[in-house]
Amino acid sequence: LGSHREALESYRQLYRFIEWLPPPERAALALEYAYELQLGSRQAEAVTVAREAVAVLSDVGDPLALSDALLVLSRAAYWHGGQSEAMPPAHRAVEMIDGLAPAPVHAMAYAHMARLHLLANRNADARRWADRALDVAERIDHLPAEAGARISRGAARMNLGEASGSQELQRGLATAREHGFHETAIRGFFQQIVEDARRGGLDRAQRTLDEGLRYARQHQITYGVFRLTGL
């Protein structure tokens, strides 16, 4: 519903009793909690909790679930320690599902790799991973990965000199907003602001910044306010 402060407090209370749950439910709760910690800009705690989920799932024998947990860890690790901490779990997530039938986690893993490469200004690699993500996402109709991959591919295309990438970036942002993918929408706002500012569209960048901050505050995304004001 977009009440992330309330969600974070609810998960905090539940997490006190996590040891009472069987391993799959314990990991699921930890991952939800880690996600809300990330949106609350409590990245060190998010990393710790996500690592606990990874440890639990390492003994369960479900590569898809473990890969998903590694992606949560990687996202939190990026904001805690940068690329050096985020890339190892991201690579492991991709390796875990290599050769398995296409599933949502494939699309999300490839989209996340595109995001990491974009953040490192490796635009050709970002585009390649986004292509893979969109190929899977469109085949299995997975909108969260599609939205994120379009934002990354659109920004990468613009950085590679393709002006039409702006339309794809905006399409990804629109999808994220329409379906309530809050973290992905913040990414879309951020990338649009960056691309506009780089090309001298400062007035448009300011309007997008204002809109993004309203969105972040409306949905109680502390990370979003930090991300957008930290430009």
Side-chain angles (χ1 to χ4, degrees), residues 1-4 7-8 11 27-40 46 50 53-54 57 62-79 86 89-90 93-94 96-97 100-119 126-157 165 167-192 212 215-216 218-221 223-224 227:
L1 296 176
S3 300
H4 289 287
L8 181 56
Y11 281 121
L29 173 58
L31 293 176
E32 293 288 350
Y33 185 32
Y35 175 72
E36 294 298 339
L37 285 165
Q38 181 190 350
L39 293 188
V54 168
L57 290 171
D62 183 343
L64 298 180
L66 178 54
S67 179
D68 184 59
L70 287 163
L71 295 177
V72 175
L73 172 58
S74 179
R75 285 192 289 270
Y78 180 85
W79 298 114
V94 172
M96 289 293 304
I97 56 178
L100 301 180
V105 70
H106 287 79
M108 293 297 285
Y110 302 155
H112 180 61
M113 290 294 288
R115 174 184 183 179
L116 289 178
H117 283 288
L118 179 67
L119 288 167
R127 181 174 181 172
R128 177 171 57 85
W129 281 104
D131 287 343
R132 292 184 68 181
L134 286 167
D135 177 63
V136 177
E138 290 172 349
R139 277 191 285 148
I140 65 174
D141 193 26
H142 194 265
L143 284 175
E146 180 183 338
R150 288 202 183 282
I151 289 168
S152 295
R153 190 167 74 173
R157 289 175 60 196
Q167 297 177 353
E168 184 162 35
L169 195 165
Q170 292 172 27
R171 180 178 172 185
L173 172 56
T175 299
R177 296 188 68 178
E178 178 183 355
H179 295 279
F181 307 146
H182 297 147
E183 181 191 18
T184 302
I186 293 297
R187 286 190 53 230
F189 281 120
F190 174 82
Q191 289 300 153
Q192 189 64 63
Y215 182 91
Q218 175 187 355
H219 296 291
Q220 305 178 352
I221 308 171
Y223 146 83
R227 181 66 167 141

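- Residue L31 holds its CG atom at 10.5 Å from OH of Y11, rounded to the nearest 0.5 Å.
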Under the criterion side-chain contact (heavy atoms from CB on, under 4.5 Å), I'd like the reasoning laid out for L70 against V54: C-alpha separation, chi angles, the key distance, then a yes or no. CA-CA 6 Å; L70 287 163; V54 168; 4.0 Å; yes

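- Between the CZ atom in R75 and the CD atom in Q38 there is a gap of 6.5 Å [rounded to 0.5 Å].
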Going through the checks in order, is the side-chain contact (heavy atoms from CB on, under 4.5 Å) test met by H142 and M108? CA-CA 9 Å; H142 194 265; M108 293 297 285; 3.5 Å; yes

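- Smallest separation of non-hydrogen atoms from A155 and Q191: CB-NE2, 3.5 Å.
- Classified by interplanar angle (parallel below 30°, tilted 30° to 60°, perpendicular above 60°), the ring pair W129/Y110 is tilted.
- The side-chain heavy atoms of R150 and T175, taken from C-beta on, include no pair separated by under 4.5 Å.
- Atom CD of E183 and atom CG of L39 lie 6.0 Å apart (nearest 0.5 Å).
- One distance of note links CG of L116 with OG of S74; it measures 5.0 Å at 0.5 Å rounding.
- Nearest heavy-atom pair across L173 and A185 is CD1-O, 3.4 Å.
- Rounding to the nearest 0.5 Å places CD of E138 at 10.0 Å from CG of L143.
- Of the inter-residue distances, the one linking R187 atom CZ with L118 atom CG reads 7.0 Å to the nearest 0.5 angstrom.
- Note: Y215 and F189 have tilted aromatic rings, judged against thresholds of 30 and 60 degrees for the angle between ring planes.
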